[in-house]
Amino acid sequence: MYVYIYDNFLRQKNFLSLIHSMEVVLTDYGIAGKILRLQNYTDSKAVIDDEIKRGAKTIVIVGNDSTFGQILSRSANCNCTFGFLPVGPNNTIAEVLGIPVGMEACTVLSRRRKEFLDVGWMNNRYFVSQLRVMPSKLEVVYDERFKVTATEKMEVIVCNLQPFFWKKDKKDKEQRVVHPQDGKLEAFIRPLTKSGWWGYKYEEPSIFPFEEMIITGKEPFAVEADGKMSKEIKVKIKLAHSKVEMIVGRDRKF
Amino acid sequence: MIFQRNAPKIVEESNEPEVSERTHQHVQDEVETVVGPSVNVEGDFASEGNIVVKGTVSGSVFTSKHLTVEMGAKIIANVRAGSATIAGEVKGNMKVKESLELVSTSRVVGDIDVKNLKVESGALLYGKITMPGIESGEKSIKTKLFKKTEETGVQFVS
């Protein structure tokens, strides 16, 4: 049995026709199911656990990167298969998973090509797309073997499924992309150096693939994991291997 | 924090060529570790893939693949690598399995153990170079080709 979890933004008028035609296609394929709508304060884990008890085997996330992150960060350890129907803008994870945005995603879902995905673990919760530590004075220890520091503040971005986009500076027109690889988490460290009186300039990023990392700061620093902000003084990031069973497309990037 | 510049916006990426092989080993081959400028790394720095050093590394460096030390980069460590290209500064012993290239801007202080060595003019090197294959040959050269005499020191014997 399929259960579809729609993001709240899909109520907007410009998505209604697309959603309607997707529902028609899903009915044609014989994989239509119960529809739930995600609210800001919905605990996705409780909802999914409830549905699994009622017999749901496949949970399909309908929305964008933030919907994907919001649901899987809570329910990565649920005993079910996950599907994804990317709709609207901000869908970078869908491309990594080989799922086209819009109507064609229904075909990928119906084919049920399943793969186990690795998920990141941060202190006491999962993250699937990206974790970002805002610029501050940090010390990063990788796999308990080596330590990375910078003279000034630095920003740390840990990518699991979401690719990392960066530019050398404001004038740099070329958008650089680094695709994360499965089997390891990838950390991008961008130190900030003083530029002029007021400004700070991003340095070229350092890239470290890793399985375990500890970030410590002298002062509390802001961490954003799958769009959720928190303040921490010490963050332990690990990779949980093959945690989520996911329906993926043929053109996936791993 | 007030004056900090905004992070670059996420834009839809361009189409990447499709990866035909999806084996785990294939993915591992592409892993690259980059130590950026103004970043200091301390400890046992090891990587399964290629390493590019643009900053400072102290402790030890190990990779089974290629190590690139760019101009301005500094390594104060013992280095073990599959192959290496040095354009920066290295203080420590180097053990390279295949080929080592010292670019004109490189400065190396330490012993080198390598199979193939290429040194560009202008490169600075202080240390002992050992190449495998010469130890066994050295004895035969000494016994067959050279004979020490009391008058001349070394005499060639055909």
Side-chain angles (χ1 to χ4, degrees), chain A residues 65 89-92 95 132 134-136 141-155 157 162-163 165-167 169-170 172 175-179 181-184 186 188-193 195 197-209 222 250-254, chain B residues 1-63 65 68 70 72-73 75 77:
Chain A
D65 285 354
N90 302 326
N91 267 309
T92 51
E95 202 179 328
R132 190 172 166 203
M134 302 304 164
S136 42
V141 178
Y142 286 93
D143 300 331
E144 292 179 349
R145 283 189 308 194
F146 60 92
K147 186 173 80 179
V148 178
T149 49
T151 43
E152 289 280 336
K153 291 175 178 179
M154 61 182 183
E155 181 190 49
I157 295 157
Q162 200 168 31
F165 301 87
W166 61 283
K167 282 182 175 182
D169 47 49
K170 272 192 172 177
D172 188 13
Q175 184 85 28
R176 287 148 218 269
V177 185
V178 185
H179 286 283
Q181 293 142 55
D182 210 33
K184 283 216 164 187
E186 232 133 278
F188 300 88
I189 293 181
R190 291 207 297 172
L192 285 154
T193 46
S195 162
W197 282 89
W198 307 106
Y200 277 98
K201 201 177 86 180
Y202 277 115
E203 289 275 326
E204 216 177 304
S206 303
I207 307 165
F208 298 95
R250 199 183 60 178
D251 302 326
R252 66 194 181 276
K253 290 208 161 77
F254 52 87
Chain B
M1 290 296 276
I2 300 166
F3 305 108
Q4 183 198 310
R5 289 177 185 178
N6 291 330
K9 279 183 180 176
I10 291 173
V11 184
E12 286 276 301
E13 65 195 287
S14 60
N15 287 329
E16 289 276 306
E18 195 189 327
V19 182
S20 55
E21 286 177 54
R22 293 194 180 100
T23 56
H24 191 67
Q25 191 57 46
H26 181 75
V27 171
Q28 286 293 321
D29 286 350
E30 290 167 359
V31 175
E32 192 166 79
T33 308
V34 182
V35 179
S38 72
V39 164
N40 305 317
V41 176
E42 284 171 51
D44 299 329
F45 183 44
S47 175
E48 288 165 12
N50 300 333
I51 296 178
V52 180
V53 180
K54 296 172 185 174
T56 313
V57 179
S58 54
S60 68
V61 179
F62 171 74
T63 175
K65 300 249 166 69
T68 310
E70 295 207 347
I75 293 184

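Bear in mind the structure is a predicted one, so any value in this text is a computation, not a measurement. Numbers restart at 1 for each chain; the letters A, B, ... are given by sequence-line order, proteins then strands.
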Novice: Atom CZ of A:Phe208 and atom CD1 of B:Ile51: how far apart are they, to the nearest 0.5 Å?
Specialist: 9.5 Å
Novice: To the nearest 0.5 Å, tell me how far A:Tyr142 OH sits from B:Ser47 OG.
Specialist: 11.5 Å
Novice: When heavy-atom pairs shorter than 4.5 Å are enumerated against chain A, which of B:Gly55, B:Ser60, B:Gly43, B:Ser38 gives the highest number?
Specialist: B:Ser38
Novice: Look up atom CG in B:Asp44 and atom CD in A:Glu144, then write down how far apart they are to the nearest 0.5 Å.
Specialist: 12.5 Å
Novice: Quick one: which of A:Thr149, A:Val148, A:Asp143 has the most heavy-atom pairs under 4.5 Å with chain B, could you say?
Specialist: A:Thr149
Novice: Taking all non-hydrogen atoms of both residues into account, name the closest pair between A:Ser206 and B:Val35 and its distance.
Specialist: OG-C, 3.7 Å
Novice: Looking only at heavy atoms, what is the nearest atom pair of A:Arg145 and B:Ala46, with distance?
Specialist: NH2-O, 3.9 Å
